[in-house]
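Report on one structure; see the data block that follows.
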Amino acid sequence: MKRFIPLIVLALLAVLPFLGLSSYVMHLFILVVMWSVSGMAWNLLGGYCGQVSFGHAAFFGLGAYCAGLVSFHLGLSPWWGFLVSVPFVAVTALIMGLIVLRLRGPYFVLATLALGEIMRITAENLTTLTQGNLGIMIQRTWVEKTAYYYIILALAALTFAAIKVLAESRWGYYFVAIREDQDAAESLGINTTLYKTIALAVSAVFTGFSGAFYMNYMGYIDPQVVFSLGDISILTIMVVMVGGVATYWGPIVGAVIMVLLAEVIRSLPYIGTAYQTLFGVLLIVIIIYLPNGLVGDREKLARLFGKKGAAA
Amino acid sequence: MALLEVDKISMFFGGLAALSNISYGVEKGEILALIGPNGAGKTTLFNVVNGFYKPSRGEVRFNGRRISGLKPHQICALGVARTFQVVKPLQRMSVLDNVIASAFLRAKTKAGAERRAMAILEFTGLTEDKDVLSKGLPLGKRKRLEIARALATEPELILLDESFAGLNPAELDVSIEIIKEIKKKGITIMIIEHHMKVIMSISDRIVVLNYGQKIAEGSPVEISANPLVVEAYLGEAEGA
């Protein structure tokens with residue numbers, strides 16, 4: 001039974017467009033699914049392999065620019081961005097890996113953060129290629145949302161399946177072993193540098209897909225948006241932390257909560273502009289009380305609500 | 001030719017000589033104990049053999065092949081496994097998954113790795129605990145898990161770093177039996193140990209280090225009669 005839950009969820013999501021939901025609601029669903037993809041991708045490196053990256057905007061933005069630039073400069077369909085992004089993102093990840101994967105703990109975190117910022121500043125200043133802060137505007141393929149929804153849903157299903165297969169394979173065991181103790185992993189015959197690089201590259205490529213979709217869907221990007229530290233890199237981490245690190249469903253649950261929360265908070269009077277502050281507070285609360293996220297600590301949550309129910 | 005040859009190894013940290021000019025061999029099939037007071041350089045020597053440290057001078061050969069300079073995972077793949085004095089279980093993994101992660105080194109498939117891991121848990125008496133997260137294990141079993149993980153890589157030589165420290169008498173007997181069984185399988189053992197009773201009962205030969213230098217080598221009987229050793233180590237232990 002449990003094996004079929006992903007298929008059931010997928011089937012339910014697939015019939016959603018037939019319910020005649022408003023364009024705004026569909027937009028929210030598309031964002032949720034897109035953030036699930038980013039979250040699942042980050043989770044592979046940060047959750048399973050334990051290498052916490054604060055620079056995944058580098059890959060998201062690169063994916064987005066691949067899609068934008070093949071359309072803007074070459075006149076191709078921006079959907080080619082998915083294919084074009086793979087070598088660019090993978091090579092960037094490998095170069096980044098050479099530099100940052102030899103670092104551990106906070107040094108690794110800071111190095112990834114810096115690389116994300118380097119990508120943003122590069123995109124801002126490489127104006128002949130990227131138009132800098134003017135950004136890239138492309139012709140969107142469809143006005144209607146349904147097609148976009150199915151495309152991102154298919155991408156999410158692919159990402160979910162790929163990560164599940166990976167996590168349960170030899171690589172998955174190696175990733176978790178590296179997370180738990182790199183020295184022990186190394187002395188048990190695991191080539192830690194190689195497997196960290198693999199985790200980084202796979203994570204980066206899927207994040208790049210998410211970015212390429214963003215370009216296609218939004219029709220406009222600029223460096224401040226797609227290479228954003230706060231709105232991309234940190235939001236990706238929050239999606240996973242809130243949902244549950246190193247769980248299959250965590251990034252999906254996290255994406256639902258973060259997207260809806262962002263919408264709700266931003267629409268509030270006065271405090272709406274301070275939504276990032278509130279995200280920060282939320283992150284602190286989650287880390288203290290539910291360090292494994294909503295999915296990882298679901299038994300703890302059930303106890304909490306069970307008690308409440310009994311008291312009422 | 002010995003299975004493992006430690007050839008004129010020196011290891012300096014800054015100006016400090018943690019090991020100076022150490023040479024000895026470990027013969028195939030034997031249990032060689034490495035003893036010496038705290039800070040004598042025993043774990044440093046393990047770190048050199050296992051590849052965590054590159055020796056400042058000298059070389060280590062395994063099956064005649066130079067291994068100093070290789071990375072730990074390469075040395076492990078060649079057939080040298082180790083345990084850690086301060087146990088390093090993969091905490092948020094079950095006991096079984098810990099061993100599976102090591103068994104993957106030689107297993108082609110996940111089913112194969114799992115089969116091998118189950119057999120090793122049986123051998124080390126951890127079968128009942130296979131689904132426990134390893135951070136929840138008591139120390140005695142963690143020490144055994146270290147041995148189980150090392151065995152899962154199918155080593156020719158296993159380096160045991162104080163696998164008996166902190167065990168109660170009952171656990172001690174279990175672990176001694178396991179070590180003897182490992183020897184019966186034809187696996188060569190190099191062991192660091194402070195527990196004199198254990199050392200004298202299981203080891204074939206003993207190498208004694210003091211202040212980074214080899215001060216004696218021989219059978220347990222020879223070592224316990226060696227005045228240098230008695231002064232440096234046993235005398236101290238008896239006096240304590």
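What you see below is based on every heavy atom in this structure, not just the backbone, and it leaves out hydrogens, waters and symmetry mates. Chain letters run A, B, ... following the sequence lines, proteins first and then strands; every chain starts at 1.
Only the backbone of B/Ala107 has a heavy atom closer than 4.5 Å to any heavy atom of chain A. Of the atoms belonging to B/Lys108, it is backbone heavy atoms, and not side-chain ones, that fall under 4.5 Å from chain A.
Of the listed residues A/Ala185, A/Ala184, A/Gly172, the one with more heavy-atom pairs under 4.5 angstrom with chain B than any other is A/Ala184. Comparing B/Met93, B/Lys110, B/Arg92, B/Gln91 by heavy-atom pairs within less than 4.5 Å of chain A, the highest count is held by B/Arg92. Options A/Glu168, A/Arg179, A/Glu186 differ in how many heavy-atom pairs under 4.5 Å they form with chain B, and the most are formed by A/Glu186.
Listed by first and then second residue, the salt bridge (Lys or Arg N to Asp or Glu O under 4.0 Å) pairs that reach into residues 67-87 of chain B are B/Arg82-B/Asp161, sequence neighbours excluded.
Applying the salt bridge (charged side-chain N to carboxylate O under 4.0 Å, His left out) criterion to B/Asp129, with sequence neighbours excluded, gives B/Lys141.
Using a 30° and 60° split on the angle between ring planes, B/Phe84 and B/Phe52 fall in the tilted class, from 30° to 60°.
For the pair B/Lys130 and B/Asp97, the salt-bridge criterion is not met [side-chain N within less than 4.0 Å of a carboxylate O].
With ring centers used as reference points, A/Trp171 lies 6.0 Å or more from B/Phe104.
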